[in-house]
Amino acid sequence: MRVLVTGGAGFIGANFVQQTVRERPDVQVTVLDALTYAGNRDSLAPVADAIDFVHGDITDTDLVDRLVAASDAVVHFAAESHNDNSLQDPWPFLHTNIIGTYSLLQAVRKHDVRYHHISTDEVYGDLELDDPERFTEATAYNPSSPYSSTKASSDMLVRAWTRSFGVRATLSNCSNNYGPYQHVEKFIPRQITNVLTGVRPRLYGDGLNVRDWIHVDDHNSAVWAVLDRGRTGQTYLIGADGETSNRVVVESILDVLGQSPDAFDFVTDRPGHDRRYAIDSTLLRTELGWTPRYADFRAGLEATIAWYREHEDWWGPQKAATEQAYAAAGESVTK
Ligand code: NAD
Ligand code: DAU
């Protein structure tokens, strides 16, 4: 099986490629990645000899057409993925997330290639902290940010191309991932590397926003379950019952790293900040028989902290520029 993985030099894509090479010797992987600030070829170093890497943009229709024609399946991870960046400059999000998805859909339509679309739970908007419901495949779309609205747009394109043109597509919408190779702009690696560099962690707003954390390897095993056994046109929600407030995450990081649990700062809140995400993954579990391996968030977090401790060579070069960007965007301590 020849699989084209877009965004394979990013956080989830690189872990997907590594897991695939480890566990699926029958699969030949080609990565297509533009190597934006979020892409890093070092994240593929452990499998560099086992894959083909193409440096290119998913909006390059000639390149995409050629690569898709030579593939049996496409797994589309490539995206602009960070909410804070989308609030500073939405355009790259429209370009990559919408136009890029369009470009891939036209190619898989032309060559009748199986397509799996990686999306996010953020397309459903947010929940109140005490809402008894969680997101399901039937929840109405209600995105809040430029990032999530472009992901919602791309999901709609996939649904339309499936219905109108018979594209053999599946979709998955996952909750917040954590694990190795995540860019230090994101919440968990930012706070781990803050502590490791002697800086206090930074909580937006009141720190009570809740995210439903899942280890990246569990996300990727679910993607393979959908690729293997998913129904064409179906959306599957991926989550591992990991709801935790941002404040508890920061206190856990401080605890694991031997610091006082209150050694953090509150900073300016994110405009439009979604309050809570929560996934009901019953369909994925019952229909496809998927279960997460990292049921214990604290254990997964400890393993992730250990990885960042040991891989300053990977994250060190990104750290100063990332913090400068947060400062330039006006982030400041509130209490
Ligand atoms: P990331 O930002 O770490 O990586 C994105 C990758 O896409 C990078 O390697 C980048 O170079 C590449 N890329 C960006 N624009 C491109 C373009 N125009 N052409 C080719 N490559 C391009 O993102 P991530 O966190 O790994 O997220 C991967 C996917 O998973 C995204 O679609 C995201 O919406 C989705 N998702 C992420 C999470 C999460 O918690 N991180 C949760 C659910 C869904
Ligand atoms: O839910 C899935 C989504 O999860 C993905 O679609 C996105 O690609 C991914 O980036 C992530 O989005 P979030 O906005 O939830 O993740 P982020 O890591 O940016 O922030 C997580 C929470 O932590 C959020 O409530 C904002 C807060 N936060 C973030 C940063 C960077 C802080 O309190 N302090 C910080 O320094």
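- Under a 4.0 Å N-O distance rule, the pair Arg190/Glu331 qualifies as a salt bridge.
- Using modelled atom types, one finds no donor on one side chain facing an acceptor on the other under 3.5 Å when comparing Thr120 with Lys151.
- Side-chain atoms of Ser71 come within 3.5 Å of backbone atoms of Leu67 as a donor-acceptor pair (strictly under, hydrogens ignored).
- Heavy atoms only, all atoms of each residue included: Gln182 and Pro189 are closest at OE1-CD, 3.5 Å.
- A donor and an acceptor atom, one from each side chain of Asn173 and Asp155, are located under 3.5 Å apart.
- Closest non-hydrogen pair, Val223 versus Ser172, comes out as CG2-OG, 4.3 Å.
- Note on Arg285 versus Asp241: salt bridge recorded, some NZ/NE/NH1/NH2 to OD/OE distance being below 4.0 Å.
- In this structure, the separation between OG on Ser144 and CG on Asp274 is 3.5 Å, given to the nearest 0.5 Å.
- At a cut-off of 3.5 Å, with distance as the only test, no side-chain donor of Arg24 or Thr20 sits close to an acceptor on the other residue.
- Rounded to the nearest 0.5 Å, atoms CH2 (Trp315) and CG (Asp42) are 15.0 Å apart.
- For Arg200, the side-chain contact (heavy atoms from CB on, under 4.5 Å) partners are Ala263, Asp265, not counting sequence neighbours.
- Arg276 and Glu128 make their closest contact through NH1-O, 2.9 Å (heavy atoms, listed as atom of the first residue, atom of the second, distance).
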